[in-house]
Amino acid sequence: MTLAIQLPQVGLRRYGSLLSAMAWGALAVAAAVVLLSLFASVLAPYDPDYVDLNNVLAGPSGQHLLGTDALGRDLLSRLMHGGRTSLLGPTIVVIGSTVLGLLLGLVAGWSEGWVGKVLGRLFDLLFAFPALLMAMLAIALFGKGLFAPILAMTIAYVPYVARLAQSLVVAERGRPYVQAYRVLGFRTPWVVLGRVLPNLIPTVGAQSTLNFGYVLADLAALSFIGLGVQPPTSDWGAMIEESRGALLGGYILPAFWPALVVVLVVVAVNVIGEELSDRIGGKLS
Amino acid sequence: MSQLLQIENFTLGFPGRPPLLDSVSLHVNDGEAVALVGESGSGKSLTTRAALGLFPGGSQSSGIVSVQGLDTLTASKQRLMELRRRRASMIFQDPRAGINPVRTVGDFLTETLVRLDGLSRAEATERAVTQLDQVGLRHAKELMDQHPHQLSGGMLQRVMIAAALLNSPDLLLCDEPTTALDVTTQAGIVRLLREEQQSRGMGMLFITHDLNLAASLCERVYVLRRGEVVEQGQTQTVFLTPQQDYTRQLVEATPVIEVGGLATPVVAGSPLLKVSGLSKTYQLPRGEIITALDDAGFALPEGGSLGIVGESGSGKSTLARLVVALETATSGELTLRDVRRPRRPLKASERKVLAKDVQIVFQDPYLSLDPRIPVGNAVADVFRLHQKQGRKEAKDSARVLLGRVGIGAERFDARPRALSGGQRQRVALAKALAARPRLLVLDEATSALDVSVQAQVLELVEELRDQLGLTILFVTHDLAVVSRLCSELLVMHEGRIVEQGPTARILEDPGDDYTRNLIASRPRPLWDAEPVTA
Amino acid sequence: MTATDYAQAPTPGVSARKREKRRAVRPAVYIVKKLLALLLTLFVASLAVFFSRFLVPGDPARFLLRGRSPKPEALEEITRQFGLDQPAWEQYLNWLSGILRGDWGRSLTYRQDVSDVLLGRLPTTLQLVALAAVFITVLGLFAGIVASLNKGFGDRFILITLTAAGAVPPFVAAIALVALFSVGLGWFPSFGSGDGGWDRIWHLTLPALALGITYIAMVARVTRSSMNEQLLREHVEVATSRGLARGSVVARHVLRNALGPILTVSGVLVAGLLVSSAIIERTFGLSGIGQLLVQSIDRLDFGVVQAIVMVVVAAFVLVNTVVDLVQPLIDPRIAAGTESR
């Protein structure tokens, strides 16, 4: 008898009732940031673009909770409004790349012939273009702004999802339970979409959650170097860029707040993503 | 004789949970071979590892585990290493996992000699080669430069044994050293272990789940159940006149070849399944062609039961997969219920029709059910597909059928994870039967189960066969299991059918050398007159 | 197989002779295959990079001249220079053969050959990336090994630190390091690349750290999980049961076996470093190819952008090929095709 090496088996929807305390904290942070950004127009104390040259680079006070920037604009309001653009990009990219990646991964994993091989090669090729590079190429082609990088990064993140989905599908396809479905005469679309796909979603979801953090950081970086969101629209990356002059003059806060928010959100998302994948991994062994 | 290994009231567990080992006491004398028998989860591996001071991280233990007077529970790191280097060696279950795959066999053997005994590389190599020779490996010099993946499992286990003998231990611990091997390979390893143990006068503690194996090697035996020793004594006494209920069950459940109770082969007009000249070859990515099945031919009458026996790589599973159309034959004919199987992957509609003729149950109870789907729904789905039943009706049918295979209504909504291995195989059986097939293929369906569970599942299969008039194709490596269930037998070796006929005839008077070897390789108790021969 | 067991257990279906032959052929075939794959990937990548321009609707000459005066003579010059009046595939062949001959076209901004502009900037970027790679290797491996060998508090502490460090985007790290070490403490310069030698390293320390911090976390995580996976393997228990000291077991059986996955990330790592250097170089005023890439996008100098994209992609593919070629030396099963990683 050969003892088969047991691959971790995917496919558990219940993660147990309790996440770790850290994951709860991360979830709370993420939720707070999302809500504050979503309702910025209602909740923000000031117009984010209101310039007050009499109140430049002010420290935190009752009037301006987080202080003001070099043009006297309220930092808290700019952060909240900036959250919209900063979060919208990654959301689109993650949804787009997850849907596309899952579909391509399913097809690549299920088809044994040349289709799978060609798709595999395509993923390899896409891996050679780092997301940020693809985004920059797209900006060079279509101009600055959010449209080009979002489109480019959606494509750039497809192979991350697709390759994972493909390997999971290949593993699932060989499992006795899938073979039993075939012998029982169930139709392939029913098996693939109704039975195998749901088993992939937890693992792929964990990967996509992690991707969200990377995309957020990359898009902020693009705005930071002036290729992404254009002024006067507020965006976390752009805010840091605008504050560099002040920073070298010793005023740290205008750069600190947006940097802190970016790091907090990415940490929160990573913690959630890792918790998910740990739980999936742990449950399966 | 002094006590080599002495375990007294040894208790081990994790804080806040019931103990894994509860007051285990056992001893091994100098030059004595002792077996520790138990099913999975009985704690036999933990006990043995404790003798080397290997405890699972975070565990708490009490009692005494002493090797030649050294208590491993309290000994210093230095003394423990000394013990492992000089006095006790261990042979592990799976040599493929136990030998570092990225280093050479020579490196594995010589590393202790070079690093711990201060031998030069040349001296160490010489010692290792001599040792490899002694454990029956030819071309030892060339083996030294090879990597584990280039050797067969049996060869690797000999390498592992050679490594364990290198430091001339007084105590040899064996943790199911033949479980990952084929029967014929196992016979060689067992003979080697017995020889070495006798000639060196080593004490040996041999762990196994296989009572027959224990009887073929050891004079004394301990029976372990859920962390407690339930019975001990001379092997012969314990096996022939067991005192405890558990031991008795275990002895009864252990499959033995019994020719007497076999049903007479069904003689029928038209065969349900007819196979002739069937072959299957695979082309590996590197262009090499492997013949998994070569020119197979047999017929299985309606209501008959055919056992297909062979070792790993014999082609028996390929044959099973061909029958259920999971593979497409390269050449030859396969006719099921007078329908000739086309030599191409089946269309969805053809598959659905075929499903009512033949179903399969796979080996691994942990992978054969969809982890996400409650078992009741899994069975109901099949009723809806094949018996055209509505949602509610299908659920009712599923409940009845699950009850029939011994899964109560309270487990209807349970996911596979919540079930034991035996229960999962019962669900897999129910799923297959829900399609109401005429032919049921069982591909090593009971091999991954503990013997007591295996006995129950086999009984169930027997019952179902008789009640439903099923035709059975039972694929297994275990002759004893076949002898119980199948009236016809087919022996496979390296892709070819070497012998076929009535089970009783083949077992009593095998016509082929390989079959003879297979039968002779089954472990035989020490008290049987004949010595173990291959 | 050169040796057989007493009890017969050869793999069925494969004759001994066939195996022998296969093994002798294998390494050469393996290398050639990998090199062919390298060329194929580079070829397809060059197609993608070149034809990306054709995604933009409208007159290609006007596209290339965006932001500059579309005078008729300029349009004519650009048409001639890029061969825009020729069919697409001919333009591609000219571009490709140019690249292979070292003629990478002319930069509209610098009025120089692209290759000269690139070569002038490349050393700074390579030095930056090399220094970052040193930080990543040393700190990443160290943190990963320590975390994996110290279960409990040490592991937890390092893991939390890594999660935090991994979430700091390079540009935020750059700002933070400048605020702390340049503006605050005044230990390191915040601008320029220095005069070579130690001065160069001194100037590049902060940029390299900022560039490397996410990747330090990444390498440390991979090291930790790869080692943890090996620590659970039975061969490690076997080595321990034979009385080997903890150090030998870790070095010979855990770390050695864990190298594969760690090496695998190096392709992603090098490409990522090259791309991220765009942001870092801009922040620290280093004139490398990253800075050049951003400027060229800003100044709509598409020829230069194309060239830099091609360089980064080639670097990624090349490093990956080298890793693929090294893997069989680390794990012989990969060459035999029994383990695909």
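Numbers restart at 1 for each chain; the letters A, B, ... are given by sequence-line order, proteins then strands. Predicted model, so just to flag it, every value in this text is computed and none were measured. Side-chain atoms are counted along with the backbone in the values below, which use heavy atoms only and exclude waters and symmetry mates.
Proximity to chain A (any heavy atom under 4.5 Å) is shown, for I360(B), by both the backbone and the side chain. In this structure, the portions of D381(B) lying under 4.5 Å from any heavy atom of chain A include both its backbone and its side chain. Of the two parts of Y181(A), only the side chain, counted from C-beta on, holds a non-hydrogen atom closer than 4.5 Å to a non-hydrogen atom of chain B. If you measure heavy-atom distances from R96(B) to chain A, you find no contacts under 4.5 Å at all. Heavy-atom distances place both the backbone and the side chain of R182(A) under 4.5 Å from chain B. Neither the backbone nor the side chain of K356(B) comes within less than 4.5 Å of any heavy atom of chain A.
No donor-acceptor pair under 3.5 Å is formed between the side chain of Q179(A) and the backbone N or O of L326(B).
In this structure, the side chains of K352(B) and R187(A) stay at 4.5 Å or more apart for every pair of heavy atoms.
Counted within 6.0 Å of OH on Y282(B), heavy atoms from surrounding residues, nucleotides or ligands total more than 12; the atom is thus considered enclosed. Annotation: R391(B), atom CZ; neighbour count of heavy atoms from other residues, nucleotides and ligands within 6.0 Å does not exceed 12.
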>> I'd like to know whether Y177(A) forms a side-chain contact (heavy atoms from CB on, under 4.5 Å) with I373(B), so could you lay out the CA-CA distance, the side-chain angles of the two residues, the decisive distance to 0.1 Å, and finally the verdict.
In response: CA-CA 11 Å; Y177(A) 86 86; I373(B) 309 295; over 6 Å; no
> For D370(B) and N199(A), what are the C-alpha separation, side-chain angles and deciding distance, and is it a side-chain contact (heavy atoms from CB on, under 4.5 Å)?
Replying inline: CA-CA 9 Å; D370(B) 193 333; N199(A) 287 351; 3.1 Å; yes
> Does the pair L367(B) and E172(A) meet the rule for a side-chain contact (heavy atoms from CB on, under 4.5 Å), with working shown?
Replying inline: CA-CA 10 Å; L367(B) 298 176; E172(A) 292 293 288; over 6 Å; no
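When all heavy atoms of G185(A) and A355(B) are compared, the closest pair comes out as N-CB, 4.1 Å. A pairwise comparison of heavy atoms in G194(A) and R372(B) identifies O-NH2, 3.2 Å as the closest pair. Across all their heavy atoms, V183(A) and V358(B) have their closest contact at CG1-O, 4.0 Å.
Here the NZ atom belonging to K431(B) is positioned 6.0 Å from the CG atom belonging to L184(A), to the nearest 0.5 angstrom.
Residue with the most contacts toward chain A among V324(B), V353(B), V361(B), L385(B): L385(B) (heavy-atom pairs, distance under 4.5 Å).
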